[in-house]
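Written below as structure tokens is the structure these notes are about.
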Amino acid sequence: MFEKILIANRGEIAVRIIRTCKEMGIKTVAIYSQADQDALHVQLADEAYCVGPTSSKESYLHMTNIMSIATITGCDGIHPGYGFMAENADFAEVCASCGVTFIGPSPKAIETMGAKAKARETMKLAGVPIVPGTEGIIQDIDIAIKTANEIGYPVIVKATAGGGGKGMRVAWTRDELTKAVSMAQQEAETAFGNAGVYLEKYLEEPRHIEIQIIADSHGNVVHLGERDCSIQRRHQKLVEEAPSPAIEPEIREQMGEAAIAAAKAVNYVTAGTVEFLLDKHNNFYFMEMNTRIQVEHPVTEYVTGVDLIKEQLLAAAGLELSVKQEDIKINGWAIECRINAEDSERNFMPSPGTITAYIPPGGFGVRVDSAAYQGYQITPFYDSMIAKVIVHGATRTEAIDRMYRALSEFRIEGIKTTIPFHLKLLRNEAFVAGDFNTKFLEIHKIM
Ligand code: ADP
């Protein structure tokens, strides 16, 4: 097992990783930008070092600075969390060449899954159903038009390097498609430095269902059931739950097997998520694989009782997972609400500032993963998420009522948050009935 690891991240996920490391007797090294010297992860880690100025590029994304701190402090592993370096194959490569274990999959697995057009081809070969669309990147608009004619409109043009819901365009006609391709290419070039785009059938009211997997280097690949992440705003998740109200055990099994096949196709090790779209007829299609721990991992932890960070550490250290497929049982219901420093009553406008009062909720079945505290200053430089409230109940109804109670209790002053949005959503009849898909917030106009 690792003796000391560097956590190449900040905020709630850095705190989350430190907690498991403490329980496992692993020492932790935090890094922080100049804007983050008072951050909670800095206070909780065994050691903390400034990695650079405020800008992410010069701090949390600065490979040389991060590697220098890791080697000087004698770390034997680096946990990238999510975002920043988490899906950077070059970084994983650099870690290996410096003799520090990257706590994640191999550079090759990151690369294959990170190029979404390539990932689609790999999945097709592995027998995993993919959304019908182009083979590889669109080189020629005529091929895109031909494919669209074959699969039928509407279609969606997506950036192969895409992430965070950026670089996607829907087209309903041939004219729109021509425009969508050139606009998506421009957007992708600006956002990701890679203009490559591909085309998929646009499913009109799908659910976003993803399967959590964990894998070790001894050939064990285990799936931990699904999360339903259909409640999205501009393709960004706001609420996640496990299990999904739409999934029957038989479909869970099928999706679980497909996710395991996806992981095996790239010799995947550690924790990962295979994202699918599910249509009304229970057909599911591979969308992408995220080769990292995800924001919404705690809902899976609640219903399975498995600490996913611990499994990541075990697998990265070359040990066996602590669980087998037959140990995984889905118990009760878990929901997560992402609390962002945004004014949900004013079009989710960012709301940075100092938190003047902070009293998080608690009690039976309530977990708060956050790096916020009273007096903490939310800067506009990084992610706007300030806390995740996760609840567990015996049933979905109990989980919804518990979340409503928890969020009503949550006191955050000095900044605006998305709590008012969540409270309204939790009282929406269709949501309570489990009747929703990725279009939910466009149709229901909660705020
Ligand atoms: P990103 O990596 O940017 O998050 P994804 O490929 O994961 O992009 O897609 C994000 C969201 O966009 C999905 O959860 C879904 O709501 C929507 N989406 C993506 N592809 C399709 C599609 N083919 N049909 C319908 N919706 C889609």
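Predicted model, so just to flag it, every value in this text is computed and none were measured. Both counts, for ligands and for their atoms, begin at 1 and track the order of listing.
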For [atom], what is the nearest protein heavy atom, given as residue, atom name and distance?
{"atom": "atom 22 (C) of ligand 1", "result": "Leu277 CD1, 3.3 Å"}
{"atom": "atom 7 (O) of ligand 1", "result": "Glu288 OE2, 2.7 Å"}
{"atom": "atom 12 (O) of ligand 1", "result": "His235 ND1, 3.1 Å"}
{"atom": "atom 18 (N) of ligand 1", "result": "Met287 SD, 4.1 Å"}
{"atom": "atom 10 (C) of ligand 1", "result": "Met168 CE, 3.8 Å"}
{"atom": "atom 3 (O) of ligand 1", "result": "Gly165 N, 2.5 Å"}

If the cut-off is 4.0 Å to any non-hydrogen atom of [X], which atoms of ligand 1 fall inside it?
{"X": "Thr438", "value": "16 (O)"}
{"X": "Gln232", "value": "11 (C), 13 (C), 14 (O), 15 (C), 16 (O)"}
{"X": "His208", "value": "13 (C), 14 (O)"}
{"X": "Glu275", "value": "7 (O)"}
{"X": "Ile156", "value": "22 (C), 23 (N)"}

Parallel, tilted or perpendicular for His444 and Phe440, by the 30°/60° rule?
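The rings of His444 and Phe440 lie parallel, inter-plane angle below 30°.
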Relative to the ring of Tyr302, is the ring of His392 parallel (under 30°), tilted (30 to 60°) or perpendicular (over 60°)?
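His392 and Tyr302: parallel rings.
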Looking only at distances, please establish whether an N/O atom of ligand 1 is found under 3.5 Å from an N/O atom of [X].
{"X": "Gly164", "result": "yes"}
{"X": "Tyr202", "result": "no"}
{"X": "Leu203", "result": "yes"}

Look at Glu204 together with Lys439 and state whether they make a salt bridge at an N to O cut-off of under 4.0 Å.
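Lys439 and Glu204: not salt-bridged.
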Using atom types as modelled and distance alone, determine if a side-chain donor or acceptor of Arg120 lies under 3.5 Å from a backbone N or O of Val131.
yes
May I ask you to decide if Ala39's main-chain N or O and Asp36's side chain share a donor-acceptor pair within less than 3.5 Å?
no
Can you confirm whether or not the ring centre of Phe421 sits under 6.0 Å from the ring centre of Phe348?
yes
Which one of Asp216, Val274, Ile213, Ile214 satisfies the side-chain contact (heavy atoms from CB on, under 4.5 Å) criterion with Tyr268?
Ile213
Side chain or backbone of [X] under 4.0 Å from ligand 1, or both, or neither, by non-hydrogen atoms?
{"X": "Lys201", "result": "backbone"}
{"X": "Lys116", "result": "side chain"}
{"X": "Gln236", "result": "neither"}

Looking at [Y], is [X] sitting on its ring face, NZ or CZ under 6.0 Å from the six-membered ring centre and within 45 degrees of the normal?
{"X": "Arg427", "Y": "Tyr404", "value": "yes"}
{"X": "Arg10", "Y": "Tyr32", "value": "no"}
{"X": "Arg227", "Y": "Phe276", "value": "no"}

Whether Lys158 lies under 4.0 Å from ligand 1, heavy atom
yes
Nearest 0.5 Å, what's the CD-CD distance between Gln212 and Gln294?
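The CD atom of Gln294 is 7.0 Å from CD of Gln212, to the nearest 0.5 Å.
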